[in-house]
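Side chains included, hydrogens not; waters and symmetry mates left out as well; all remaining heavy atoms used. Since the structure is predicted, the reported quantities are computational estimates derived from the model, not experimental observations.
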Amino acid sequence: MRQKSAGRSGFLLLLTGALLFSLTACKSGASSSTPSSDAESSASPAIMEIPTLPANTVLVTAPDASDFLIAENGTARAAIVIPAAATDKVKTAAEDLQKHLDTITGASIPLYSDSEEPAEEYRILVGPTRQTAALGIEQPTGYPEKEKVLLKRDGNQLVLLGNDDALYTGTQFAVTMLLEYLGCGWFGPDELWQGVPSHPVLAIGDLDVQHTPQFRSRRTQVLSQTPEVGVRWYLGGDSTMIGHGIPQIIPLDEYFDEHPEWFALVDGKRDPHSESWWQYDYTNPELAEEAAKKIMARWETNPNMTNYSLAANDGWEKGWCECETCAAAGNATDQLLVFANRVAEIVSQKYPEKTISILSYHNTFFPPEKTTAHPNVEVMFCRETSMTTPLDLDKAVTGYNSITHNTYTQSWLGNFQEFIEKASLKHVSIWEWYCIAYERASWADVPWVQGNVATRNHALWKQNGASYVYYDQGPASCHRETEESYPLRWPLWYVSSRGMWDGGLTGEQMLLDACHKLYGAAAEDMFLYYKALADSSEMCEGSSICWIPPQPSEMYTPDRVEIINAIIDEAKSKLDSVTEEQKARMENQFTLWNRARFSIDFY
């Protein structure tokens, strides 16, 4: 029979006391902003429903003559074929595939060059082989914005191919996609959190995929700190720079003595050393010329960079220039756009395909009053609003906020769309956070799951023209999170990462698929645990903004804790029906929840 990876549609969990029918939102904490009275509130479904997964027509464990047979009871029926002059990227991908197929099947799958003739009837063509060319299939090429992956079965040949130009790892991604279809999953660097199934008889049915990522650049701390996990989550893509990049090219210590006029005039003097958060005189044309020269030098040595970030120096409203020219330019966003436009005009003469980026963040959060953006200027929008409410609800939290020092008059979505329209933006990107323990250590041991909220936000950003997303999250020590945080954080980090690659699945579908790979017969029970965590987040109305979350007790109220405890009790009844490895994962999650309850009770 053919194994299909699909969940039961409409399955409901019913517990004693009908706990899961609770719609109680979390208690609101003290907030420096007040929700608008007409804002739509976030609502959670009154029932816990298991989503339906797309049918898996690739994995076949009881094949017939129409299927592509890989191995059968310890005997290889297929061989892997790579180009005779294969690149290192192709070799690595092919060896990865070989290792995993050997583990899955118990057979030794041979690897040949395309100049050899395998004895096996079925051939897995990895990379641009002669056989692939004979099928009329060409390897995708080009950089940037040309990332593409191909998986195609044609009779007794299976093509795994992707764009490997520049920073791309398309062929490896093709291999990972196939392995995921076969039941593999990677949810942390520790072997316990890597699911590799056993199929002594393994075949492939239908397979014809041409995939381009939802966002052209997908970066988090997962990729930089644990690249072996990042590549499994399809992180990477185009090289994009984020952050406050002006001090890197115009450092204060190097330029102030010779060019004090390039720095902000505050209270009648230019003295950045007296400011905690100092700024430049963004309307100074000579500053723009020097910045352009420095940026082009950087692009010369790093041609894969697709942008340079000229986001204002970090800080709030203090330290901004008060000279007549800056005042005449308009608000802080206008001033920064004047600077970015001048730089973009210069660098675009030599690099017409690259962009200059600024941030919509803190003092430059609001739309410009007078200035439109140069066609080569990009604005990266920071999600400067609630961490729990889906952005597509267009919920406004108005008033002054003591964290950002901004006074909000409309929703984040309203500001986002108004900014794009007023600035006539051609290039849009997103900065997201969820480094939830960075500001509040109370979250270091408490789970947070977004689920569908993450993928709903992805869809909204894509619909409004965002080409890439950066998540400031992952196992970084400054976030109070390390590699050891994966068992607690993988549901948050994985959905964020995977959603940037594939816009065709909801966050809940991603979590359910992961649960099948991690927990076997207890998959649906464990999914309901993660869904209850995600519902607690979506229902929470506690004060949060940017990277600063509500307190754990504001999200996990007594009612929510009771619901989650009941789900865990139900899941524990399945411990005897799973493998020892699956049992170890489940017990790990239950232990982490018990530890979290201390922080929830205390904070």
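Between Ser360 and Cys382 there is no side-chain heavy-atom pair separated by less than 4.5 Å. Counting heavy atoms from C-beta outward, Leu512 and Lys531 have side chains that stay 4.5 Å or more apart. Within the 4.5 Å cutoff, no side-chain heavy atoms of Thr385 are placed close to those of Ser411. In this structure the side chain of Val58 reaches within 4.5 angstrom of the side chain of Ile204, judged on heavy atoms. Residues Trp593 and Leu533 have side chains in contact (heavy-atom distance under 4.5 Å, counting atoms from C-beta outward). Between Pro390 and Leu460 the shortest side-chain heavy-atom distance does not fall below 4.5 Å. You'll find the side chain of Pro487 reaches within 4.5 Å of the side chain of Leu592, heavy atoms only. Using a 4.5 Å heavy-atom threshold, the side chains of Asn415 and Glu384 count as separate.
Looking only at distances, no side-chain donor or acceptor of Asp67 sits under 3.5 Å from a matching main-chain atom of Leu69. Listed for the Thr388 side chain is a donor-acceptor partner under 3.5 Å among the backbone atoms of Cys540. Of the possible polar contacts, one joining the Gln139 side chain to the Gly162 backbone as a donor-acceptor pair under 3.5 Å is found. Under the 3.5 Å distance criterion, the side-chain polar atoms of Gln98 are matched with a main-chain donor or acceptor of Ile109. Using a distance-only test at 3.5 Å, with no hydrogens or angles considered, a donor-acceptor pair links the side chain of Thr455 to the main chain of Gly507. In this structure, the side chain of Arg218 does not engage the main chain of Tyr468 through any donor-acceptor pair within 3.5 Å. At distances below 3.5 Å, at least one donor-acceptor pair connects side-chain atoms of Lys517 with backbone N or O atoms of Cys184. Lys89 contributes a side-chain N or O that, together with a main-chain N or O of Asp164, makes up a donor-acceptor pair within less than 3.5 Å. Side chain of Arg440 to backbone of Ile548: no donor-acceptor contact under 3.5 angstrom is found. Side-chain atoms of Asn452 come within 3.5 Å of backbone N or O of Glu508 as a donor-acceptor pair.
Counting all heavy atoms, side chain and backbone alike, Ile430 lies closest to Ala466 at CG1-CB, 3.9 Å. Across Gly205 and Val60, no two heavy atoms sit closer than the pair N-CG2, 3.6 Å. Ala571 approaches Met526 most closely through the heavy-atom pair CB-SD, 4.1 Å. Ser544 and Pro550 get closest at one heavy-atom pair: CB-CD, 3.4 Å. Nearest heavy atom pair, residue Gly504 against residue Gln509, reads O-OE1, 4.2 Å. Contact record, Val126 with Val90: O-CG1, 3.5 Å, taken as the closest heavy-atom pair.
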Test side-chain contact (heavy atoms from CB on, under 4.5 Å) applied to Gln225 and Glu481, step by step: CA-CA 11 Å; Gln225 302 299 322; Glu481 292 165 336; over 6 Å; no
Worked check of side-chain contact (heavy atoms from CB on, under 4.5 Å) between His479 and Arg489: CA-CA 12 Å; His479 295 167; Arg489 290 283 176 254; over 6 Å; no
Leu179/Asp96 under side-chain contact (heavy atoms from CB on, under 4.5 Å): CA gap, chis, key distance, verdict: CA-CA 10 Å; Leu179 292 174; Asp96 179 52; 4.1 Å; yes
Met387/Met555 under side-chain contact (heavy atoms from CB on, under 4.5 Å): CA gap, chis, key distance, verdict: CA-CA 11 Å; Met387 297 176 67; Met555 182 176 294; over 6 Å; no
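To the nearest 0.5 Å, atoms OH (Tyr470) and OG (Ser309) are separated by 11.5 Å. Rounded to the nearest 0.5 angstrom, Asp559 CG and Met539 CE are separated by 8.5 Å. Rounding to the nearest 0.5 Å gives a distance of 10.5 Å between CG of Asp154 and CZ of Phe68. For the atom pair CD1 (Ile564) and CD1 (Ile600), the distance works out to 7.0 Å, reported to the nearest 0.5 Å. Atom CG of residue Leu151 and atom CG of residue Asp208 lie 9.0 Å apart, to the nearest 0.5 angstrom. Atom CD of Gln194 and atom NE2 of His100 lie 7.0 Å apart (nearest 0.5 Å).
Surrounding CD of Glu228 are more than 12 heavy atoms belonging to other residues, nucleotides or ligands, all under 6.0 Å away. For OH of Tyr486, the number of neighbouring non-hydrogen atoms (other residues, nucleotides, ligands) closer than 6.0 Å is greater than 12. Dense packing is recorded around CD of Glu587, with more than 12 heavy atoms of other residues, nucleotides or ligands lying under 6.0 Å away. Surrounding CZ of Phe590 are more than 12 heavy atoms belonging to other residues, nucleotides or ligands, all under 6.0 Å away.
At a cut-off of 3.5 Å, with distance as the only test, no side-chain donor of Ser599 or Asp445 sits close to an acceptor on the other residue. In this model, no donor atom of one side chain and acceptor atom of the other lie less than 3.5 Å apart for Tyr234 and Glu147. The closest side-chain donor-acceptor pair between Thr226 and Glu483, if any, does not fall under 3.5 angstrom. Side chains of Gln473 and Thr220: no donor on one and acceptor on the other come within 3.5 Å. Checked by atom type, the side-chain pair Glu95/Thr92 shows no donor-acceptor distance below 3.5 Å.
Note on ring orientation: taking the six-membered ring where Trp is involved, the planes of Trp193 and Trp490 are tilted (angle from 30° to 60°). Ring geometry for Phe173 against Trp501 counts as perpendicular: the plane angle is over 60°, on a 0 to 90° scale with 30° as the lower cut. Note: Trp547 and Tyr361 have tilted aromatic rings, judged against thresholds of 30 and 60 degrees for the angle between ring planes. Under the 30°/60° scheme for interplanar angles, the aromatic rings of Trp443 and Tyr556 are found to be tilted.
Applying side-chain contact (heavy atoms from CB on, under 4.5 Å) to Leu235 and the options Val222, Val229, Thr169 leaves one that passes, Val222. With Asp238 as the fixed residue, the salt bridge (Lys or Arg N to Asp or Glu O under 4.0 Å) test singles out one of Lys146, Arg216, Arg219: Arg216. Between Phe416 and the options Asn464, Leu391, Val379, a side-chain contact (heavy atoms from CB on, under 4.5 Å) holds for only Asn464.
For Glu581 and Arg585, the salt-bridge test passes: some basic side-chain N is under 4.0 Å from an acidic carboxylate O. The pair Asp525-Lys574 meets the salt-bridge criterion, since a charged nitrogen lies less than 4.0 angstrom from a carboxylate oxygen.
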